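As the structure is a prediction and not an experimental result, all values here were calculated from the model. Protein chains get the first letters and strands the later ones, always in sequence-line order, with residue 1 at the start of each.
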Amino acid sequence: MKGIKRYLALLSCVFLITSIVSACSSTSNSNENKPSESQPSGSQQNESASKNDGEKVSITFWNMFGGGDGAIMTEIVKKFNEEHKGKIEVKAMTQDWGQFYTKLQTAVAGGTAPDLAISHASKLSELVEAGVVVPMDAAADANGVDWSSFNQNILSSTIFNDVHYAIPLDAHPLIFYYNKKILRDLNLLVDDKPAIEPGPDGFVNFLKKIKEGAPKGVSNLGLNSKGETPYRLWWALYNQLNGPEMLDASGTKVMINNEQGKKAAEFLNGLFKDGIVRKNQENSSEEFQAGKVALLLDGVWSTSSFETTKDLEFGAMPVPQIYDKPATWIDSHTFVLPKQKKGEDQNKINAAIEFAKWVTDHAAIWSQAGHIPTTTAAINSDAFKEMPLRQDYLQAATDGAYLPQTPKMWPIKDQLVQALEGIWQGRSSVDQGLDNAVKSMEKLLSR
Amino acid sequence: MNKAPQNQRRKGNHNGVAAIFLTPYFAFFIVFSIVPIFYGLYVSFHKWTLAGKQGFAGLDNYLYAIKDPDFWASLGHTGYFVLLSTPLLILVPFALSLILDAKLKGRTFLRTVYFMPNILSVAVISFVWIFILRSDGLLNTLLREIGILGQEQELFWLDEPKLAWISLVLITTWWTQGFNMIMFLTGLQDIPTDQYEAATIDGANAWKRLVYITLPAMRQLLILITVLTVIASSKVFGQVFLVTKGGPANETRTIIQYIYETGFRSNELGLSTAMSFMFFVMLIVLSFLQFKFFNRKSDQGE
């Protein structure tokens, strides 16, 4: 009896261990093993290789769109699948935003990459350098992608050494929102636009007028003194001043500690230091939504949530031109083809490009989320023209200044944000702050 | 037949059964702890990114880390946090356990209340505290209400290095002291009550009972909890990362956060693994020294 019990216990242990081990080892192949409902059973890999045009191609598409963006992308994918029934099926998978690029890179390394993925334009350099994404000139040409139909400013952020690595889906610049009701009550609204006088003084005067006249509990400008937004505005002003490239030709020297960098930082710092703009407004978007902020600097992605806010009468426009030329901070979502370590499947690549092309041409749907379409077809479509507000800030996509192409862009940007924050928070002078920024960025670049 | 061999056999049986029950644990332990540690050592000698191995680097990663001022600054921040938080994480729960061990009305309820934060996840407590500590948050409003702050004054709890550290230590104490408190409570309940009775009859007051009965009886437990707390505090990451993001200006960036950023933001997994190993060795040395220090003291005492 005892012997049997012991044997059983041992057996169950062995069973447990083997199941764990096999579970671990099988994850790497799970993509191939997963039966696809749409395809006839049998060896999928072989079948897709010998597939003719009549058969259905199924592709996986990874994105990081949460919230409103996610709902709209789901709708787009659904619509595409309906229109291409029996030909292409796109299986969209939304990965957690914080882990997205880690997962994408490890999936590529492990040979389980999706057929199509989204990348930020500012992250592309890193993915290109690491060999995570592949060039798409040939595939794009074969599938009738017309590069000249794209907004060239947006497109330029996706070209590396004359090679196209991505199809830009949108542009999402930093723009300027204003509460019409508050401005109208103060007589600061002319032709439905804020009556800002030119130059830095004009802008400051405008803020002062709101500060003096606005009812209690209403602030003039929703601009946090921490985090990304003040850095984005600094970058906008730096480019309005025609500041030189962020990095030198070698990509290891940071060039921002110059006259323009200082001038932009001093202007912004003055807003906080002189008490024109309240410091530490952690939730300025929510406060704008609640009608407690007259002006707001935020990305275009806030448009859709503002639109659905009851009793919020607002307008949107590019970041005001304070200096020599219009410019703003900008980034894009782009479609990329991740590298397939286990071999490429031309049918899947074609299907992926076809989907990307379809979405960019139908980007009017996508711009419900506030984003700016990238192709002339989408911009000239009636669906897009009928949408309010987007026309008002459309120009920002052309005037926006993309971050430079360097594989270390994201980590050095983190350092820049931190160093600039030191200035806004009064811990370091403008000179010290920029000096700190250059030092910590160059440290990462020299690695 | 004598009894000895039978006993032996039974003992052997017990070991066999124990082995069976321990096997699943060891399987996990080996697969998810031991193997990764040695694999990590291998990684630390290479240039390694998320895309995999990029080439042999020898000692480069270690040499770079040694010369990296940010590495040492982050290590300093972690050390600072340990120094600030450990005394609080021992004194507060110890005092609470003494109070809650007394015959108090509703002490079970109070024990639950003090332990409660411990069951919350780091994300929950971090966001609760962000809302409390924001410049327009509960704490500043409260301080204004009771007149400590002027009407127009506000304290930036998370934006000035000193205040940020105070906030982080308070959050951590509030969050994790419950565990130590329960440990102390079990320790207190193990002390036989007749010792206290005898001492009371001999005229010892509460203070003397604490110093001469409670503390000596709790010595082993105190050592254990000190060591555990130091290790736990050294590994601080989540609440700092979520509440201050290491700011202002990297002033509260801990070593774990720096290792994480190096690995997953800068995509330098080899370098970050090397840093982890340096930190790992430091923790081992620290724990070893602590045990040695406490043991020597006990030798002298006996």
For the atom pair [atom1] ([X]) and [atom2] ([Y]), what is the distance rounded to the nearest 0.5 Å?
X	Y	atom1	atom2	result
B:L271	A:R447	CG	CZ	4.5 Å
A:K226	B:L158	NZ	CG	6.0 Å
B:W157	A:N280	CH2	CG	14.0 Å
A:Q105	B:N267	CD	CG	5.0 Å
A:E421	B:K245	CD	NZ	9.0 Å

Worked verdict on A:E126 versus B:R265 for salt bridge (Lys or Arg N to Asp or Glu O under 4.0 Å): CA-CA 11 Å; A:E126 187 182 333; B:R265 290 294 278 187; over 6 Å; no

message: Need one label for B:E160: side chain, backbone, both or neither, based on atoms under 4.5 Å from any heavy atom in chain A.
response: neither

- prompt: Looking at A:L444, A:I412, A:D414, which hits side-chain contact (heavy atoms from CB on, under 4.5 Å) with B:S266?
  reply: A:L444

field: The single option from A:T102, A:V108, A:L104 passing side-chain contact (heavy atoms from CB on, under 4.5 Å) against B:L50
entry: A:T102

Closest-packed option against chain A by number of heavy-atom pairs under 4.5 Å, given B:G52, B:P248, B:A51: B:P248

Are more than 12 heavy atoms from other residues, nucleotides or ligands located less than 6.0 Å from atom [atom1] of [X]?
X	atom1	result
B:F38	CZ	no
A:K292	NZ	no
A:K339	NZ	no

- line: Cut-off 4.5 Å, heavy atoms of chain B, and the answer for A:K413 is side chain

task: Answer with side chain, backbone, both or neither: which region of A:K443 has an atom nearer than 4.5 Å to a non-hydrogen atom of chain B?
output: both

- request: Please assess A:Q415 against B:N250 for the test side-chain contact (heavy atoms from CB on, under 4.5 Å), listing each intermediate value before the final yes or no.
  value: CA-CA 9 Å; A:Q415 297 305 314; B:N250 292 337; 3.7 Å; yes

message: For the interface with chain B, which of A:A109, A:P411, A:G227 has the highest count of heavy-atom pairs at distances below 4.5 Å?
response: A:P411

